[in-house]
Structures are given as C-alpha cells and as structure tokens.
Peer 1: 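This is the structure, below, for whatever I ask next.
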Amino acid sequence: MVYSCSGCAIYTDRVLSLVYPLLAMSITDWIVLFLTLISMIAYGLYKGRRQSSAHSYLLADKQMPWYIVLLGIMATQASAITFLSAPGQAYTDGMRFVQYYFGLPIAMVVISVTFIPIFRKQNVYTAYEYLEQRFDKKTRLLTSFLFLLSRGLSTGISIYAPAIILSSILGMNIYLANIVTGGLLLIYTYAGGAKAVAHTQKLQFLIILSAMGIAGYLVVHRLPRGIDMSDALYIAGKSGKLNVITTDFSWKDKYNIWSGIIGGFFLALSYFGTDQSQVGRYISAKDNTEGKLGLLLNGLVKIPMQFLILLIGALVFAFYSFFPAPLYFNPGAYEKFNQQEHVTASALQSRYDRLHSRQEQQSLAIINERKAIGKASGNTVLEYKNTQQQIRSLRDTVAQKIASGNYSPDKNDTNYIFLYFVKHSLPVGIIGLLFAVIILASWGSISAALNSLAASSLMDIHIRGRCDITEKQELHYGRMHTLAWGLFCIGVAMFAARLGSLIEAVNVLGSLFYGTILGIFLVAFYMKKVKGTFVFAAALITEAIVITVYICDIVSFLWLNVIGALLVVMICALHYTDILKEKGPPSVVNE
C-alpha cells in the first residue's frame with residue numbers, strides 16, 4: 001500500500017494498530033507466519049530426536065558436512081538483529097556499517113590455518129577445554145566465564161529483537177513478547193541439541209535469503225511510476241546513505257575503513273576463533289577440510305550479503321523520499337507522547353508534514369533534473385539537504401521528548417524502520433513471511449548460542465574433569481543447562497529496550513570481552529613458554545583496562561578488540577622475554 005495523503009493515512013494506520021492490533025495483518029499473513037514458525041519447530045524436533053549422549057547433544061556426533069557448517073556459521077552470526085536493525089542503521093547512518101566486516105576474510109584464513117587444526121586434534125567439546133590442557137584450570141575457568149557473560153548478555157539482546165515484532169503486530173506487552181519469543185525456540189533447542197540447531201539453521205537461512213531478496217525487489221517495484229532503481233540510488237547517494245567507504249581516520253569514529261579492517265579483524269578472529277557459539281559449528285564438522293571450507297566460504301559470502309541488506313535500508317530511505325513516512329517509527333511510543341503532550345505533538349506533526357511534503361517535491365525535482373541534464377543542480381541538492389537536516393532535527397526533538405517522558409522502554413526507533421516499511425508497504429502474504437523470517441533469524445542465532453552456553457557451562461564448569469558421570473546423566477545435565485540459559489537470556493531481554501540500536505549494542509558488548517579472550521588464545525598458540533598463572537594475571541589486568549577505556553569513551557568500540565588482544569600478548573611478551581634470557585631460545589613445538 002502506497003499512501004497519497006501523509007497526515008490522514010499515517011494517523012489512521014497508527015490508530016488501527018493500537019485499537020485493533022489483531023487486524024494489523026491479514027488472515028493470509030497470519031497463516032503464513034504461524035505455518036512457517038510451527039513447521040520450523042516440528043522440523044527441529046524431528047531432526048533432533050533420539051539423543052543418547054552429550055557428544056550427540058552438544059556436537060551433533062561431529063558429522064556435519066561443509067554446507068551445513070557454512071549455513072550454521074552464517075545463521076549464528078546473522079541474527080534477527082541483522083535483518084531488523086541493519087536496514088534501519090543504513091536508513092539513519094548510511095551503509096558505512098558494512099566496513100565493520102572488512103577484516104572478516106583475513107580472520108577466516110588465520111582461523112582455518114591455526115585454530116581449527118588445534119581444536120580438532122585435541123578433540124575438545126569447547127574451545128576453553130584446550131586452555132586447561134595448555135595452561136591450567138583457572139585460565140580455562142576465567143576464559144569460559146568471560147565467554148558465558150558476554151554471550152549470555154548478547155543472546156538476551158537477540159531475544160528482544162523478534163519480541164519487537166510480536167509487540168508490534170499483536171499489540172503485546174514487550175515483556176510478555178520476550179517470554180513468548182524465548183520460550184518457543186527453547187522447545188526444539190532443549191529437546192534436539194546441536195543436531196536440531198544445525199538442521200533448522202540450514203532451512204532458516206535459505207528462507208531468510210529468499211525473503212530478503214523479495215523485500216529488496218518490492219522496495220524498487222513500489223517506487224512511483226517513472227522512478228527506477230538507479231533514480232532511487234541517486235537520491236540515496238545525494239542523501240549520504242551510500243557511504244560504503246569512509247577513509248577519514250578518527251579513534252572515536254565507529255565505522256571507517258581503518259577500524260573495519262583492523263578492529264574488525266580482531267573482533268572476527270576472536271568471535272569465530274574463540275566464541276563457542278561459532279567454534280561449536282565447525283568442530284562439529286566431519287573433518288578439518290569440511291570445517292575449513294565452511295569457514296572460508298563464510299568469509300567470502302558475508303560482506304556481499306551484509307552489503308545487500310544495508311542497501312535495502314538505503315533504498316527504503318529513497319522510497320520514503322517520495323512517499324510519506326511517520327515522524328517517529330515506533331507507533332506505540334509516539335501515540336503515548338501524542339496523548340500526554342497533544343498540543344506539542346500536533347505542532348511538531350504539522351511542521352513535519354510540511355517539511356516532508358517539501359522533501360517529496362524536491363526529490364522529484366532532483367530526479368527530473370537528472371533525467372533532463374544528466375545530474376541535479378547544486379542549488380536543488382542543497383535545498384534538498386537543508387530540508388533533510390530540518391527533518392532530522394525534528395525527529396531528534398521528538399525522540400528526546402519520548403525518552404525524557406519515558407513513553408516507551410525502547411528509546412530508539414531505528415529498530416522499527418524496516419518493520420514499518422514491511423507492515424505498511426508490502427503485499428499480503430509477504431508481510432507474514434518477512435515477519436516470520438526475522439523471527440526465524442533470531443531462532444537460528446539464539447538456539448546456537450544457547451547450545452554453546454550449555455556446552456561451556458556444562459563441560460568447563462559443572463562436570464569438568466569428572467569421570468563418574470554416565471552418558472545419560474551428561475545428556476540430562478546438558479538439557480538442564482540449555483533450559484537455565486534460556487531463562488537467563490529471557491531475563492536479560494527484559495532490559496534490552498534501553499540499549500538503543502540493537503546491532504550496535506551486541507557488537508559493543510562483545511568488544512568488551514572478545515579482545516581479552518583472543519589474547520589468551522594467541523598466547524596459547526604462539527608463546528609456548530608462558531604459563532597459566534602469568535596469562536591469567538595478564539587477562540585480569542587487560543580486562544580492567546578495556547572496561548576503563550570504554551567507560552571513559554577514549555576510542556570507538558571496535559578498537560577495544562585490538563587493545564584487549566594486544567595488551568594480553570604484550571604483557572605476556574615481557575614475561576616471555578625474561579624466560580628466553582634465562583633459558584635460551586625455545587624449541588619448535590608442533591601442535
């Protein structure tokens with residue numbers, strides 16, 4: 001549906017979504033949504049049946065082929081946050097977020113050469129099990145604790161992302177939506193373990209890619225008559241949304257080519273090389289070759305995939321340059337603001353309607369000039385950018401008033417932009433499919449995370465080193481740990497509404513811990529003379545410094561990964577140098 005009247009259509013849809021929440025989607029959309037979700041739960045239960053041991057429950061008997069490893073790795077990384085928040089990120093900040101992934105391919109090569117052979121040779125359940133063999137128990141426990149803390153918190157945030165959808169389309173309380181979302185995916189994750197996770201991820205990711213491709217096509221297809229994709233890209237470019245490469249260097253700039261390649265490399269190396277949610281995917285492969293192939297292909301596919309998802313956000317921005325968009329994309333929060341401060345809200349809305357109408361006219365003028373003389377004149381573009389600046393300022397004013405008035409637990413409407421477009425602009429059937437896709441994406445990443453959290457807490461803490469546990473008991477404990485982590489993550493989701501853009505929140509959270517974890521593994525792999533007590537102390541010192549740097553806002557979050565990894569290595573290098581002076585050069589040790 002494309003609106004022709006900015007004020008009345010937006011207001012009507014806002015009222016309908018609040019007064020008649022169950023009518024927000026058609027019957028066809030509801031059928032598509034529920035059939036997709038129910039089928040996925042049934043498929044997971046079917047594939048994960050007949051579990052007999054922790055080896056099967058946590059590692060899928062190490063029988064996964066490369067293509068399932070590839071899809072599992074991508075599905076674990078590409079959560080609902082990727083498909084929900086990334087288009088909104090591009091809408092508000094442009095496509096420069098893609099630079100975050102520029103260090104990924106290099107990291108995949110390093111992990112394939114070093115990490116996979118070591119983990120496979122040691123035949124470990126978790127990455128941290130290797131650290132006890134290399135160092136000592138306390139180093140294993142510390143690293144496992146850092147992983148459990150960071151992954152448990154970030155998984156809670158990931159549960160909140162699809163809960164936004166249920167809250168939006170059902171008018172459901174966001175806290176109840178968190179419980180429903182987390183509870184549904186627990187059904188097959190609890191019962192089927194790693195095998196259910198791997199096979200459902202395969203199917204989920206194929207559905208996700210197909211649906212996002214359809215969404216991208218429909219964004220362009222729904223543009224006004226006479227406006228094609230090249231025109232939409234031209235408008236997005238003039239609006240600063242196609243800023244894929246930014247070369248200006250700043251320690252506090254979150255996304256530029258330098259932080260992407262260097263900081264992104266260290267983050268990807270730590271995430272894919274030491275985070276059990278990813279390590280568990282490739283150590284469950286049939287052999288080294290299958291694991292390496294899946295990981296390397298992920299490095300090649302991830303950047304183009306993320307580029308296209310962000311491009312959808314840029315095209316949605318171009319779409320709303322020609323058609324009315326809401327002043328604030330979170331309808332529930334705006335409605336409360338309008339009820340409590342109606343006079344102020346009405347004045348802001350009237351001003352916004354005038355500005356947006358002007359922007360629509362200027363957008364058409366830019367395209368007409370481009371078609372007539374090859375490009376838009378400087379004055380037309382300048383007036384267009386000035387109007388956009390006024391609109392951004394107005395949106396910021398509304399956002400501040402909503403935040404200060406506590407009209408919504410979610411203080412940011414970035415996560416609602418793509419949802420709004422799907423709900424109000426796509427045809428019947430596709431709406432239900434895309435809502436299902438975002439929920440499926442969350443299930444893929446969250447189920448893998450729960451499986452990895454259970455594996456780590458069970459093997460690294462609960463039954464570490466015990467020989468009196470039977471296979472049946474291990475399986476029972478594995479399920480209990482999965483259930484406990486599911487409940488913990490649902491609890492974390494209750495607080496995620498206060499974190500702003502979800503895709504940034506997850507990455508910031510990971511960056512607080514990943515650097516230190518990576519540093520421990522780098523020392524384990526390459527500094528053979530350093531013992532556990534010293535690396536343990538180095539990790540504690542480093543983590544304290546990283547948190548201090550973050551609190552003081554000295555650098556952007558991607559650099560925290562670099563600081564953490566290098567600090568652990570440098571502190572251990574001081575000790576390593578002393579050892580070499582005393583004992584002479586080390587002999588070559590092959591893993």
Side-chain angles (χ1 to χ4, degrees), residues 1-6 86-99 101-102 212-249 253 255-257 260 303-326 352-395 417-418 420-421 424-426:
M1 175 181 178
V2 175
Y3 300 127
S4 59
C5 169
S6 60
Q89 184 78 17
Y91 188 102
T92 57
D93 191 44
M95 294 180 61
R96 66 195 188 110
F97 180 75
V98 75
Q99 296 169 112
Y101 297 97
F102 282 1
M212 293 302 288
I214 293 171
Y217 166 77
L218 290 174
V219 175
V220 177
H221 181 70
R222 294 275 175 156
L223 289 168
R225 186 182 300 275
I227 306 295
D228 57 23
M229 184 170 181
S230 66
D231 296 325
L233 291 175
Y234 190 76
I235 284 291
K238 292 301 180 183
S239 304
K241 304 305 178 183
L242 302 184
N243 51 346
V244 176
I245 304 293
T246 53
T247 57
D248 295 338
F249 179 79
D253 184 13
Y255 308 117
N256 57 57
I257 194 168
I303 294 176
M305 186 192 79
Q306 193 66 42
F307 174 88
L308 292 174
I309 292 172
L310 289 164
L311 183 62
I312 291 175
L315 289 173
V316 169
F317 180 89
F319 177 89
Y320 283 127
S321 294
F322 299 103
F323 296 111
Y352 170 76
D353 290 341
R354 292 193 298 270
L355 284 172
H356 205 288
S357 178
R358 185 194 307 168
Q359 179 184 259
E360 293 172 33
Q361 297 170 5
Q362 291 168 340
S363 299
L364 290 172
I366 287 175
I367 297 304
N368 289 335
E369 288 184 7
R370 178 179 182 244
K371 292 181 181 297
I373 60 176
K375 66 176 184 178
S377 66
N379 287 336
T380 304
V381 173
L382 185 62
E383 292 174 358
Y384 174 72
K385 289 183 176 180
N386 181 56
T387 302
Q388 282 189 328
Q389 179 58 45
Q390 293 181 62
I391 289 175
R392 281 195 297 270
S393 178
L394 203 59
R395 290 186 187 277
I417 293 173
F418 187 58
Y420 184 91
F421 171 77
H424 295 276
S425 303
L426 298 188

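Numbering starts at 1 and runs along the sequence shown.
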Peer 1: Supply the atom-to-atom distance Lys385 NZ to Gln390 CD, rounded to the nearest 0.5 angstrom.
Peer 2: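 It comes to 15.0 Å.
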Peer 1: Roughly how far apart are Phe323 CZ and Phe421 CZ, rounded to 0.5 Å?
Peer 2: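 With rounding to 0.5 Å, CZ (Phe323) is 10.0 Å from CZ (Phe421).
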Peer 1: List the steps, then state whether side-chain contact (heavy atoms from CB on, under 4.5 Å) holds for Asp228 with Leu223.
Peer 2: CA-CA 7 Å; Asp228 57 23; Leu223 289 168; over 6 Å; no
Peer 1: Please answer whether the main-chain N or O of Leu315 pairs with a side-chain N or O of Tyr91 as donor and acceptor at a distance below 3.5 Å.
Peer 2: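 Between the backbone of Leu315 and the side chain of Tyr91 there is no qualifying donor-acceptor contact (under 3.5 Å).
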Peer 1: Checking Ser393 now: which residues fulfil side chain to side chain contact (heavy atoms under 4.5 Å, CB included) with it, not counting sequence neighbours?
Peer 2: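 Scan of Ser393 (side chain to side chain contact (heavy atoms under 4.5 Å, CB included), adjacent residues dropped) gives none.
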Peer 1: How close do Ala86 and Ile309 get, heavy atom to heavy atom, and via which atoms?
Peer 2: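 That closest heavy-atom pairing would be CB-CG2, 3.9 Å.
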Peer 1: Measure the shortest side-chain to side-chain distance between Tyr320 and Ser425 over non-hydrogen atoms and say whether it is less than 4.5 angstrom.
Peer 2: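 Tyr320 reaches Ser425 side chain to side chain.
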Peer 1: Using every non-hydrogen atom in the two residues, find where Ile303 and Tyr101 come nearest and quote the distance to one decimal.
Peer 2: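 Between these two residues, the closest heavy atoms are CD1-O, 3.4 Å.
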Peer 1: Check whether Asn386 reaches the backbone of Leu382 with its side chain - one donor and one acceptor, N or O, closer than 3.5 Å.
Peer 2: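 Looks like no, no N/O pair under 3.5 Å.
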Peer 1: Could you please spell out the steps behind the side-chain contact (heavy atoms from CB on, under 4.5 Å) verdict for Gln359 and Tyr384?
Peer 2: CA-CA 6 Å; Gln359 179 184 259; Tyr384 174 72; 3.7 Å; yes
Peer 1: Given side-chain hydrogen bond (donor to acceptor under 3.5 Å, both in side chains), test Arg358 with Gln361 step by step and report yes or no.
Peer 2: CA-CA 5 Å; Arg358 185 194 307 168; Gln361 297 170 5; over 6 Å; no
Peer 1: About how many Å separate CD1 of Ile391 and NE2 of His356, when rounded to the nearest 0.5 Å?
Peer 2: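 Going from NE2 on His356 over to CD1 on Ile391, the span is 5.5 Å.
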Peer 1: Nearest heavy-atom pair of Ala90 and Ala314: which atoms, and what distance?
Peer 2: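 Heavy-atom minimum between the residues: CB-N, 4.0 Å.
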Peer 1: Between Thr92 and Gln89, is there a donor-acceptor pair closer than 3.5 Å when you use the side chain of the first and the backbone of the second?
Peer 2: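 Yes, the answer is positive, given that a donor and an acceptor are paired below the 3.5 Å cut-off.
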Peer 1: Looking only at non-hydrogen atoms, find the nearest pair between Ala215 and Phe418 and report the distance.
Peer 2: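 Taking every non-hydrogen atom into account, CB-CZ, 4.2 Å.
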Peer 1: Nearest 0.5 Å, please: how far is CZ in Phe319 from CG in Leu218?
Peer 2: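 Answer rounded to 0.5 Å: 10.0 Å.
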Peer 1: Could you grab the distance from atom CD of Gln388 to atom OG of Ser321, nearest 0.5 Å is fine?
Peer 2: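 The CD atom of Gln388 sits 6.0 Å away from the OG atom of Ser321.
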Peer 1: Is the shortest heavy-atom distance from the side chain of Phe102 to the side chain of Ile245 under 4.5 Å?
Peer 2: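 Yes - at least one pair of side-chain heavy atoms lies under 4.5 Å apart.
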Peer 1: Do Leu311 and Met95 make a side-chain contact, defined as non-hydrogen atoms from C-beta onward lying under 4.5 Å apart?
Peer 2: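 Leu311 reaches Met95 side chain to side chain.
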Peer 1: Walk me through whether Thr387 and Gln362 qualify under side-chain contact (heavy atoms from CB on, under 4.5 Å).
Peer 2: CA-CA 9 Å; Thr387 302; Gln362 291 168 340; 2.9 Å; yes
Peer 1: Is the closest side-chain heavy-atom distance between Ser230 and Arg370 below 4.5 Å?
Peer 2: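 Side-chain contact under 4.5 Å: yes.
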Peer 1: Does the distance from a Lys or Arg side-chain N to an Asp or Glu carboxylate O, for Asp231 and Lys371, drop under 4.0 Å?
Peer 2: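 Looking at Lys371 together with Asp231, the answer is yes, because their closest N to O distance falls below 4.0 Å.
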Peer 1: Is a side-chain donor or acceptor of Gln99 paired with a backbone partner of Gly260 at a separation under 3.5 angstrom?
Peer 2: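 No, Gln99 side chain to Gly260 backbone: no donor-acceptor pair under 3.5 Å.
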Peer 1: Passes side-chain contact (heavy atoms from CB on, under 4.5 Å), Glu360 versus Phe322? Steps please.
Peer 2: CA-CA 5 Å; Glu360 293 172 33; Phe322 299 103; 5.7 Å; no
Peer 1: Looking at Lys241 and Leu233, would you say the former's side chain and the latter's main chain have a donor-acceptor pair under 3.5 Å?
Peer 2: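 A pair under 3.5 Å: no.
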Peer 1: Do Ile257 and Thr246 come within less than 4.5 Å of each other through their side chains, counting heavy atoms only?
Peer 2: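 The answer is no, as the side chains (C-beta and beyond) never meet within the 4.5 Å cut-off.
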Peer 1: State, to 0.1 Å, how close Tyr352 and Ala325 come at their nearest heavy-atom pair, and which atoms those are.
Peer 2: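 For Tyr352 versus Ala325, the nearest heavy atoms are OH-O, 2.7 Å.
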Peer 1: Please name all residues satisfying side chain to side chain donor-acceptor pair (under 3.5 Å) with Thr380, sequence neighbours left out, ordered by chain then number.
Peer 2: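 Side chain to side chain donor-acceptor pair (under 3.5 Å) check on Thr380 returns Glu369, Ser377.
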Peer 1: Return the minimal non-hydrogen interatomic distance between Ala376 and Val381, and the atom names on each side.
Peer 2: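 Scanning both residues, the minimum pair turns out to be CB-CG2, 3.7 Å.
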Peer 1: Is any side-chain heavy atom of Thr247 less than 4.5 Å from a side-chain heavy atom of Asn256?
Peer 2: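 The answer is no; the side chains never approach within 4.5 Å.
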